[in-house]
Number of protein chains: 2
Amino acid sequence: MAGTAPTKGRGGMSDQRRHRLRLDVSREASRLFWAQGVDATSGDQIAEAVGLSTRTIWRHFRSKESCAEPIVMRGVEWEMSTLRSWPPQLSLEVHFAAESSKFGREASDVERMDTELAIKMIRLADTEPAIRTAWLMACDQVEREMAEIIAGRLGLPAEDLDVRVHAAAASAALRVLNEHIGAAILEGTDPRDFADAPARIARAVRAATGGAVGDPVTT
Amino acid sequence: MAGTAPTKGRGGMSDQRRHRLRLDVSREASRLFWAQGVDATSGDQIAEAVGLSTRTIWRHFRSKESCAEPIVMRGVEWEMSTLRSWPPQLSLEVHFAAESSKFGREASDVERMDTELAIKMIRLADTEPAIRTAWLMACDQVEREMAEIIAGRLGLPAEDLDVRVHAAAASAALRVLNEHIGAAILEGTDPRDFADAPARIARAVRAATGGAVGDPVTT
DNA sequence: TGAAAGGATGGCATTTAGTGACGCCAATGA
DNA sequence: TCATTGGCGTCACTAAATGCCATCCTTTCA
């Protein structure tokens with residue numbers, strides 16, 4: 001998703017630039033959170049690390065803990081875009097496997113480092129309630145995306161109760177697997193040992209939706 | 001901690017008293033949150049409403065928003081205890097229906113008022129991120145309880161990955177239905193219109209676990 | 001029954017997250 | 001060129017949250 005880089009800055013320096021600025025702050029904040037803990041990290045420290053005034057930090061983030069949000073969100077961005085690009089005629093297993101191997105081959109170094117930071121933040125969420133909020137917010141985004149995709153596949157509105165229930169169940173299953181895999185990687189498990197992860201995820205999503213989501217759709 | 005000292009005995013606020021105090025504070029705080037919004041409610045206000053000093057409030061709650069936690073937790077306590085009391089030989093549908101009708105008959109006024117407050121807090125969680133944290137924490141508790149129950153039914157340890165995935169999916173489905181029913185009740189829908197709620201919940205849990213959880217268990 | 005002990009509370013000072021107000025400066029546009 | 005705009009920094013300030021200490025209340029034991 002990040003292949004586009006050069007020649008930006010057109011028109012106003014707003015949306016994209018703002019996003020990148022938030023990401024820069026988030027990287028430094030996450031690094032500090034991981035190194036010293038959340039409580040031991042002050043807004044002033046984050047500001048100094050990223051080379052901005054404290055006031056500017058608060059202009060871009062509602063709270064200290066929310067500084068972790070962009071990085072955490074990056075950790076689920078792959079899943080979000082994978083869901084978004086799921087063609088109706090493919091099964092979830094096939095699509096996930098293909099996208100996963102593509103990520104393994106094509107991911108940039110920055111993407112890998114951000115992913116690693118995201119995993120650390122998810123780990124921190126275990127013990128730091130403040131960070132847990134950010135993680136759950138990201139999961140909430142995944143759930144909404146999931147609702148859209150499921151609604152499309154089932155030919156129902158995204159507000160339909162069954163769709164929402166399926167989306168919640170599927171994204172919850174996805175969350176647990178994410179936490180599990182992330183924890184294992186931090187423990188030192190070789191990421192290659194998770195070659196079957198896409199299949200496992202697909203299977204979990206299929207099961208969590210009672211089999212309603214996973215098969216190819218023929219309209 | 002060397003030697004088994006008389007941990008009870010003298011001094012020390014009993015767990016029960018502490019719990020009741022937190023609940024009292026939570027009732028007032030929730031009432032204020034609902035009436036004026038979270039931001040407009042100060043710690044001093046909560047303290048005055050409950051007749052304690054502000055300092056004491058901070059002794060019993062880590063943060064302002066966490067004052068809502070006990071009430072929100074009460075909103076899921078029924079489900080937790082219902083899950084805990086689920087006999088192996090009953091199907092989920094039958095047990096939930098029985099417990100639900102029992103609650104309708106036997107719930108005290110205080111319980112009903114607390115439940116109403118909890119529903120309001122869950123509603124607030126839609127727009128107030130601070131309260132959403134409390135709601136998601138409560139859902140997390142339900143998920144852990146669910147994992148215990150599922151583990152017992154499936155004869156697996158609660159840490160088993162499949163068990164955790166099933167628990168996450170099931171409790172997420174439960175969460176969405178809770179939010180849906182709560183929102184409808186606040187809109188003025190007659191609670192009697194939700195007579196089929198237990199069946200619906202049971203069905204959703206069964207579906208979310210891929211059918212693995214719901215049937216009677218014969219050991 | 002009267003200390004003694006120890007936790008619970010309140011008051012005060014202090015730190016820190018977060019906001020408001022104002023001014024500066026760079027980029028844009030006529 | 002000047003005026004506008006918008007991001008940023010500085011200062012002042014509100015409110016959340018913690019530490020410290022004096023006090024109160026309760027339980028236990030002599």
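In the text below, chain A, chain B and the rest are named by the order of the sequence lines, each starting its count at 1.
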Check whether any side-chain N or O of [X] sits under 3.5 Å from a backbone N or O of [Y] as a donor-acceptor pair, and report yes or no.
X	Y	result
B:R112	B:G104	yes
A:S171	A:V142	no
A:T115	A:G75	no
A:K120	A:F33	no

- Query: Choosing from D:dA16, D:dG9, C:dG11, which nucleotide comes nearest the side chain of B:S53?
  - Reply: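 Side chain of B:S53 sits closest to C:dG11.
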
- Query: So what does B:L21 hit on the nucleic acid, given a heavy-atom distance under 4.0 Å: a base, only sugar-phosphate, or nothing?
  - Reply: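 Sugar-phosphate only.
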
- Message: Nearest heavy atom decides the nucleotide; on that basis, is A:T41 or A:R55 closer to the 5' end of DNA chain C?
- Response: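 This one resolves to A:T41.
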
- Short side-chain N/O contact from B:T56 to OP1 or OP2 of C:dT9, under 4.0 Å: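 No, because none of the side-chain N or O atoms of B:T56 sits under 4.0 Å from OP1 or OP2 of C:dT9.
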
When the distance from [atom1] of [X] to [atom2] of [N] is rounded to whole Å, what number comes out?
X	N	atom1	atom2	answer
B:D39	D:dA15	CG	C1'	11 Å
A:I57	C:dT16	CD1	P	17 Å
A:Q45	C:dA17	CD	C1'	14 Å
A:W58	D:dT10	CH2	P	16 Å

- Message: Under 4.0 Å, heavy atom to any atom of DNA chain D: which of residues 59-73 of chain B qualify?
- Response: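 Close to the strand are B:R62, B:S63, B:K64.
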
- Identify whether the distance between the nearest side-chain nitrogen and carboxylate oxygen of A:R123 and A:E187 falls below 4.0 Å.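 Result for this pair is yes, salt bridge flagged.
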
- Item | Residues B:R18 and B:D15 bridged, charged N to O under 4.0 Å |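 No salt bridge links B:R18 with B:D15.
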
